[in-house]
Amino acid sequence: MINFIWKVADLLRGDFRAHDYGKIILPFTVLRRLDCVLEPTKADVLAEVEELKQQGRPEYFRDRRLREVAQHGFYNTSNLTFKRIGRDPSQAKALLKSYYSAFSGNAQEILDRYNFEQHISDLQEKGLLYQVVGEFAKIDLRLPTGPDDKDGIDNHQMGYIFEELIRKFSEDNPAGEHFTPREVVRLMVNLLLAPDEGALGAGKTRTVLDPACGTGGILSETEDHIKRKAPHTTVGLYGQELNPESHAICQSDLLIKGQEPDNIKYGNSFTQDGHAGQKFDYLVANPPFGVEWKKVKTEVERFARNGDRFHAGLPRISDGSFLFLQHMISKMKPKTPDGKGSFEGGSRIAIVFNGSPLFSGGAGSGESDIRRWILEEEDLLEAIVALPDQLFYNTGISTYFWILSNRKHWSLENRVILLDARGQWTKMRKSLGDKRKLISDGQIAAVTDMYMEALAAAADEKQPLPENAKIFKIKEFGYQRITVERPLKLRFEVTEQTLLALQSSAVINKVVDAGVFADALKPLVGKGWDTKAEAWDAIRQAMVPAGLMIPTGKPFQKTLRDLLGVRDPEGEDQYLKKGDPLPEPDPDLRDNENVPLEEDIDAYMKREVLPHAPDAWVDHVKTKIGYEIPFTRYFYENVLPRSMGEIDSDLISLEQQIQRILAEVTK
């Protein structure tokens, strides 16, 4: 099906630029999909249109009634078909516009996102419109009539088609702009909902938000999962998308499903909160990796200052991943105790990240502060699941699911599960871009089971943890970033270079004539002193013949000391002022150490630092608390290299094989 639609690009070649193909092919694909979906009830809709005309019914009644007859949330009142339009080259433009304008208003709004009428005019002008319509008329994009209908295309399959087309048209885009493979979506939704199946049930309503929804694949899978587990649960889907083509496709998908397409907002989630004031039961997203937010910096910083969505901290300008997560957290429903030791309300979040949010940014940075807020202050993080690399179409990097909840089970209070699923993959027979691996249905089930086993083990110590799962206390992710100082030790000397530096010093020249001052010190060239006091006495004596005195101002004194002083491990300790309990620190010897959050700093210094630097101390004023999650370190396994004997044995064996092959060749 993809290849058939892709052939339409051959018609456009030469008349349109390659990067414009998608702007034409995508809206025609959407239009043909809507047309095929409505075909089974088309005759009934046309008959109802005539009946309503005779009855003189008001517009609101007409719209509602035609939706009922069409059995969808949209309809078309034209008797035209794609085949009819494609057979009449001279009238193709007028007929297609008439057909397009006969759609209900909600369907027209979706097509307007593509600037559809302009594309119709452009194709007509180049004599291609009727050909394009004719090609699309050959494509069957109808819904399946039942479970045994193998030729129909359900919404998931249609999602594949849309996303594959978009991927083809965007292969030159940055790696961060990617689409989520369906098996990755299924696994993410499993981990989001599997622990929560008790909250699903008949008569309940559950709302789902994806603030970077793309074509709506994650939303669709979430709804389907809920419906499989609780068929009578009402599911409301909500989303926001910045790409106009993806936004229109997502809206059309929801339109066909009977959902409300207006729930999918257009715009930047950071600056244009399309669901302001709303809260949701489940929040899912696969936001772009490593996409900068420089263009919206002013608005985001204003939200942060006002204590709004981004109050926990701002990540580096080159990666807005944590902005998406903070936005989602702001949409979580509040929880309330149920009187049975658990909670009602609340929300769960599943989001796909690359490795950067785990550890980027040191103590005191925006990223570290956000991690600290999520982990320590709010205790929202339930688990992180590591996925195989090479799962996505436009990037081969490793990815992770973050699962968060504001109603974590009591057994996971101040604790987090880490699950390593990097080994759960199957090699694809044919690569799709950078995607060379997939997660099979069996592996999805296996990872889901491991996750549920880890949750059970957290609640009951008698339950064993899966081999590739670990549970950590939140404090284990924290550390104290300490500043270790060592004293500035100097001896003093006057050299030719010292005099040149004195003459060119703005600080010296501001107080005295630097040239005269340097000339007075010439007799001291080549001399040195162990202490500052000795050096200053010698300078004072050298000043007498010139009728000068050493200025006492602090800037002058410090500059002179720095110019004459030479760092020496055996030199004199320097003090900023008389009576200071500690020497002046030497910035060249300054070091930073990360001390585990629950470890005593003095004990750490005594064990790790003082044996090597007995004069070191900690500047406690500069100590900062940081948080990071070094996932790979926790699951690292040291593999010993093979012995030399084994290597020698293999080399001998290979040499013997080569000799046998050469012997056969030379026969």
Side-chain angles (χ1 to χ4, degrees), residues 167 170-180 184 210-214 240-243 246 267-273 283-306 308-330 349-375 381 384 386-387 389-402 404 433-434 477 479 481 592 594 624-633:
R167 188 184 70 81
S170 62
E171 283 181 342
D172 293 332
N173 282 359
E177 299 181 16
H178 53 271
F179 304 99
T180 318
V184 177
D210 183 345
C213 62
Q240 187 157 350
E241 175 56 34
L242 184 58
N243 179 282
S246 298
N268 190 313
S269 293
F270 298 161
T271 58
Q272 304 160 277
D273 184 358
L283 301 105
V284 287
N286 178 19
F289 299 153
V291 172
E292 72 170 27
W293 48 280
K294 185 176 182 179
K295 293 180 181 178
V296 295
K297 181 174 182 288
T298 301
E299 295 95 323
V300 168
E301 288 178 341
R302 176 168 53 83
F303 287 132
R305 285 194 303 271
N306 295 341
D308 207 330
R309 291 175 289 162
F310 310 123
H311 69 277
L314 297 178
R316 64 194 64 191
I317 203 77
S318 60
D319 188 358
S321 299
F322 268 143
L323 295 182
F324 275 106
L325 183 53
Q326 287 188 81
H327 172 69
M328 295 167 76
I329 290 172
S330 75
I349 292 175
I351 188 168
V352 184
F353 278 156
N354 62 10
S356 179
L358 292 170
F359 52 78
S360 63
S365 69
E367 290 95 337
S368 179
D369 288 345
I370 295 167
R371 285 190 291 268
R372 181 178 183 178
W373 176 71
I374 291 171
L375 288 162
L381 187 61
I384 294 177
L387 302 175
D389 58 6
Q390 301 179 38
L391 284 181
F392 291 88
Y393 301 116
N394 283 8
T395 176
I397 62 175
S398 298
T399 50
Y400 301 80
F401 291 147
W402 287 45
L404 298 89
D434 289 317
F477 301 129
Y479 63 91
R481 181 71 167 175
N592 293 104
N594 288 347
K624 296 178 180 178
I625 302 299
Y627 272 83
E628 65 178 8
I629 306 172
F631 195 103
T632 53
R633 185 199 307 165

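- Looking only at side-chain heavy atoms (C-beta outward), L325 and I349 come within less than 4.5 Å of each other.
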Are F392 and I397 close enough, and set up right, to give a side-chain contact (heavy atoms from CB on, under 4.5 Å), and what steps lead you there? CA-CA 8 Å; F392 291 88; I397 62 175; over 6 Å; no
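- Interatomic distance, S356 OG to E367 CD, rounded to the nearest 0.5 Å: 6.5 Å.
- Between E241 and C213, the closest heavy-atom pair is OE1-N, 3.6 Å.
- Separating the CG atom in D308 from the CD atom in Q326 is a distance of 10.5 Å, to the nearest 0.5 Å.
- The two residues E301 and L314 come nearest to each other via the heavy atoms CG-CD1, 3.7 Å.
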May I have the step-by-step check of side-chain contact (heavy atoms from CB on, under 4.5 Å) for L381 and W402, ending in yes or no? CA-CA 7 Å; L381 187 61; W402 287 45; 3.9 Å; yes
Worked check of side-chain contact (heavy atoms from CB on, under 4.5 Å) between I384 and F401: CA-CA 6 Å; I384 294 177; F401 291 147; over 6 Å; no
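- For the ring pair (Phe, Tyr, Trp, His ring centres under 6.0 Å) test, no residue two or more places apart in sequence or in another chain qualifies with Y627.
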Set out, in order, the CA-CA distance, both residues' side-chain angles and the distance that settles salt bridge (Lys or Arg N to Asp or Glu O under 4.0 Å) for R633 and E628, then state yes or no. CA-CA 11 Å; R633 185 199 307 165; E628 65 178 8; 3.7 Å; yes
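- Side-chain contact check for L387 versus S398: every heavy-atom pair is 4.5 Å or farther apart.
- A donor-acceptor pair shorter than 3.5 Å can be found between the side chains of T180 and N286.
- Annotation: side chain of R372 is in contact with side chain of I625 (closest heavy-atom distance under 4.5 Å).
- Inter-residue side-chain proximity for F270 and E299 is flagged as unmet; no heavy-atom pair is nearer than 4.5 Å.
- The shortest distance between side-chain heavy atoms of S360 and R316 falls below 4.5 Å.
- Closest approach of D273 and R309 over heavy atoms only: CB-NH1, 4.0 Å.
- The ring pair (Phe, Tyr, Trp, His ring centres under 6.0 Å) search around F359 returns none, not counting sequence neighbours.
- A pairwise comparison of heavy atoms in P287 and A212 identifies CA-CB, 4.2 Å as the closest pair.
- At a threshold of 4.5 Å between non-hydrogen side-chain atoms, the residues D319 and E292 do not count as touching.
- Within the model, atoms CG of L283 and NE2 of H327 stand 8.5 Å from one another, a figure rounded to the nearest 0.5 Å.
- Put simply, CG on D389 and CG on D434 are 10.5 Å apart, with the number rounded to the nearest 0.5 Å.
- Between P211 and A285, the shortest heavy-atom contact is CD-CB, 3.9 Å.
- No side-chain donor-acceptor contact under 3.5 Å links S246 to the backbone of N243.
- Across all non-hydrogen atoms, the minimal contact from S321 to P288 is OG-O, 4.2 Å.
- To the nearest 0.5 Å, the span separating CZ on R305 from NE2 on H311 amounts to 15.5 Å.
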Go through it in stages, so that I can follow the logic: the residues are F477 and R371, the test is side-chain contact (heavy atoms from CB on, under 4.5 Å), and I'd like the CA-CA distance, side-chain angles, deciding distance and then a yes or no. CA-CA 9 Å; F477 301 129; R371 285 190 291 268; over 6 Å; no
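- Counting heavy atoms from C-beta outward, I329 and L404 have side chains that approach closer than 4.5 Å.
- Considering only heavy atoms from C-beta on, Y400 stays 4.5 Å or farther from P357 through its side chain.
- Between F310 and F322, the ring center distance fails the sub-6.0 Å criterion.
- Between atom CG of residue D210 and atom CE of residue M328 there is a gap of 7.0 Å, rounded to the nearest 0.5 Å.
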